[in-house]
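Okay, so here's the structure we're looking at.
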Amino acid sequence: MIDPKLLRQSAADVAVNLARRGYKFDTVAYLLLEDRRKSLQMETESLQSERNSSAKSIGTAKAKGEDITSLLAAVENLRDRLTSSEAALQEVQSLLKDIELDLPNLLDDSVPDGKDEKDNAEVRRWREPSELRFKARDHIELGENLGLIDFEAASKISGSRFTVMKGPLARMQRALIQLMLDTHTEEHGYQETYVPYLVQAEALVGTGQLPKFEEDLFKTETETPFYLIPTAEVPVTNLARDAIFEADELPKRYVAHTPCFRSEAGSYGQDTRGMIRQHQFEKVELVHFVAAEDSMAALETLTGHAEAILQKLELPYRVVALCAGDVGFGSAKTYDIEVWLPGQKKYREISSCSNYNDFQARRMMARRRNPESGKPELIHTLNGSGVAAGRALIAVMENYQNADGSIRVPAALQRYMGGLEVISA
RNA sequence: GGAGAGAUGGCUGAGUGGUCGAAAGCGCUCCCCUGCUAAGGGAGUAAGGGCUAAUACCCCUUCGAGGGUUCGAAUCCCUCUCUCUCCGCCA
């Protein structure tokens, strides 16, 4: 959420910023509503004040044994006026809130202009794309030939966009997760967390998935619905909800491995084959809570932590700065890390690292105590995949394949796989 | 699933219709005292929102959440949620 104060004081500036995303902010409608809010709120609060003082004087008069009938008459219709004023105010406030929850975050000035992913700016590359001396197979062919990936079985059980994996391939995904968790906790200073996979709507409003992107989520039909988490970002970031951290508690870094569930509504026809885009996938997620002035530096650090995983796995990748039109709803700035997939001869997203600045913090009242003023102020939140395990598995399969269809186990993973060096049929 | 108890400020914990944003204690901050430390004395110490140039005044809201009664609710009534204890069941 954007600061409502900024919205009403500088609506035009906000509109200019959001227009870079292709978002049209109707400042006229907003300011009109805001005017009504202001007058209704002032009216309501003065009626409340009147109620409070009259109740107080009735109380004292009664205590002295004075006659209070005239005082009672004076406030006869006060309650009705107050009730209707309060109702009108509440209605306007909820309309404003709807608009505010719908507005994407302000973009950081450093975000490059552009409309879609084609305009993203490459920031750096690590290792050039690998050249194979034979025709590269994609992970689907590799996995099925080894008899270790079974899409048919998955579709029998659950339909499309699910995967069944077996044996050393299933284990390799687990090994990847272990490597990531160990690296982030032992080398990058993260605290490992275990969190719920089912969350309530409020948590998703806090991180920004709701109310706008409900169709991307799976939801239970229980009396109070649960949502399956689309990313560990949701439960982990909500650890800061309603909190006031002391200055010396920040920065906080959390890492969590969770499955992620996405309905992928609206992505029909994209990546329909294979494991790239699934309804269920495994991911290791990094989350930072930092003081406002530290968040841009933290984004660089966080991205570096995700890159370290790919470097350990010796997978060629590049980092791109998402352009204005491609940056996600709640993010002020995002780097995607794209890993090279020989089977597709393309770089594909394997991590997305974002600085949300105070956007999520404002939605969930996540604060720190400013050591100078002693006053609470919003923190900044960041998150990034460190990295997507399913896609990391794909990247290892395709980059470590041999001519005979077997797959070498990256050195960094061997200790997690009982010393296994090659996966073969 | 059954039975009971509870939810108040950073913490402990008083408060059954008015002057209660809320006693007391602890903690924390500042000051005094003390050669240092300890002990002691004094003052202060919730969050959100509105107004505003203002993190100054002033005003509003908040005692688990929502509704109701009342001139007036932490206190009375209703609904819900959560926590704890015991029993059952279970990974």
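Chain letters run A, B, ... following the sequence lines, proteins first and then strands; every chain starts at 1. Keep in mind that this is a model prediction, so the values were computed, not measured.
To the nearest whole angstrom, the two C1' atoms, one in B:G10 and one in B:G21, are 16 Å apart. Nucleotides B:G6 and B:C76 place their P atoms 12 Å apart, quoted to the nearest Å. Here the separation of B:C90 from B:U79, taken at their P atoms, is 33 Å to the nearest Å. Separation of the P atoms belonging to B:A14 and B:G66 is 25 Å when rounded to the nearest angstrom. Comparing B:A7 with B:U75, their P atoms sit 12 Å apart, to the nearest whole Å. Here, B:G18 and B:G72 have their C1' atoms 6 Å apart, quoted to the whole Å. Using C1' as the reference atom, B:G15 and B:G9 are 14 Å apart when rounded to the nearest Å. A distance of about 13 Å separates the P atoms of B:C58 and B:U45, rounded to the whole Å.
If you check every strand for non-hydrogen atoms under 4.0 Å, A:S373 touches nothing. Residue-level contact check: A:N52 touches the backbone only, with heavy atoms under 4.0 Å from sugar-phosphate atoms and none from bases. Using a 4.0 Å heavy-atom cutoff across all strands shown, A:R8 reaches sugar-phosphate atoms only and no base atom.
Side chains of A:N355 and A:S295: a donor on one and an acceptor on the other come within 3.5 Å. Between A:H279 and A:E264, the side chains place no donor N or O within less than 3.5 Å of an acceptor N or O (distance only, hydrogens not considered).
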Could I get a table of every N or O pair under 3.5 Å where one atom is in the protein and the other is in nucleotides 63-73 of chain B?
| unit_1 | atom_1 | unit_2 | atom_2 | d |
| --- | --- | --- | --- | --- |
| B:C71 | OP2 | A:R79 | NH2 | 2.9 |

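One interatomic measurement links the two molecules: NZ of A:K375 to P of B:U45, which rounds to 10 Å at whole-angstrom precision. Atom CE in A:M364 sits roughly 18 Å away from atom C1' in B:A47 (whole-Å rounding). The separation between A:E50 atom CD and B:U61 atom P is 13 Å, rounded to whole Å. Between A:R241 atom CZ and B:G48 atom P the separation is 16 Å, expressed in whole Å. The interatomic distance linking A:Q93 (CD) with B:U61 (C1') rounds to 11 Å, in whole Å. Look at CD on A:E246: it is 13 Å from C1' on B:A46, rounded to the nearest Å. Regarding A:E86, its CD atom lies at a distance of 10 Å from the C1' atom of B:C60, rounded to whole Å. The nearest whole Å value for the distance from the CD atom in A:E45 to the P atom in B:G48 is 16 Å.
Residues A:R362 and A:D358 are paired through a salt bridge, judged by an N-O separation under 4.0 Å between the basic side chain and the carboxylate. At a threshold of 4.0 Å, the pair A:E249-A:R368 does not count as salt-bridged, since none of the basic side-chain nitrogens sits closer than that to a carboxylate oxygen.
Looking at A:T381 and A:R363, their side chains never come closer than 4.5 Å, going by heavy atoms from C-beta outward.
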Evaluation steps, ring-ring contact (aromatic ring centres under 6.0 Å, His included), between A:F289 and A:Y254
CA-CA 9 Å; A:F289 301 150; A:Y254 291 115; 5.7 Å; yes

Go through it in stages, so that I can follow the logic: the residues are A:H288 and A:Y190, the test is ring-ring contact (aromatic ring centres under 6.0 Å, His included), and I'd like the CA-CA distance, side-chain angles, deciding distance and then a yes or no.
CA-CA 9 Å; A:H288 288 205; A:Y190 287 77; 5.4 Å; yes

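Around the CD atom of A:E117, the shell of radius 6.0 Å holds no more than 12 heavy atoms that belong to other residues, nucleotides or ligands. Crowding of A:E300 atom CD: a count of heavy atoms from other residues, nucleotides or ligands under 6.0 Å exceeding 12.
The 5' end of RNA chain B is approached more closely, in terms of each residue's nearest nucleotide, by A:P376 than by the other of A:P376 and A:S46. Nearest-nucleotide positions on RNA chain B place A:M365 closer to the 5' end than the other of A:M365 and A:T224.
Between A:R369 and the phosphate of B:G10, there is no side-chain N or O to OP1/OP2 separation shorter than 4.0 Å. Phosphate proximity of B:C60 to A:S49: present, with a side-chain N or O under 4.0 Å from OP1 or OP2.
Remark: of the listed residues A:K38, A:E45, A:E43, A:E45 is the sole one forming a side chain to side chain donor-acceptor pair (under 3.5 Å) with A:Q41.
In this structure, A:F213 and A:F329 have perpendicular ring planes: the angle between them is above 60°, well past the 30° mark.
Against RNA chain B, the stretch residues 27-42 of chain A makes heavy-atom approaches under 4.0 Å through A:R37, A:K38, A:Q41, A:M42.
Stem analysis of RNA chain B (at least three stacked-register Watson-Crick or G-U pairs, each with both distances under 3.5 Å) gives B:1-7 with B:81-87, B:10-12 with B:24-26, B:27-32 with B:40-45, B:46-50 with B:58-62, B:64-68 with B:76-80.
Residues A:P112 and A:L322 share a closest heavy-atom pair of CD-O, 3.5 Å.
In this structure, CD in A:E100 is found 4.0 Å from OH in A:Y30, a value given to the nearest 0.5 Å.
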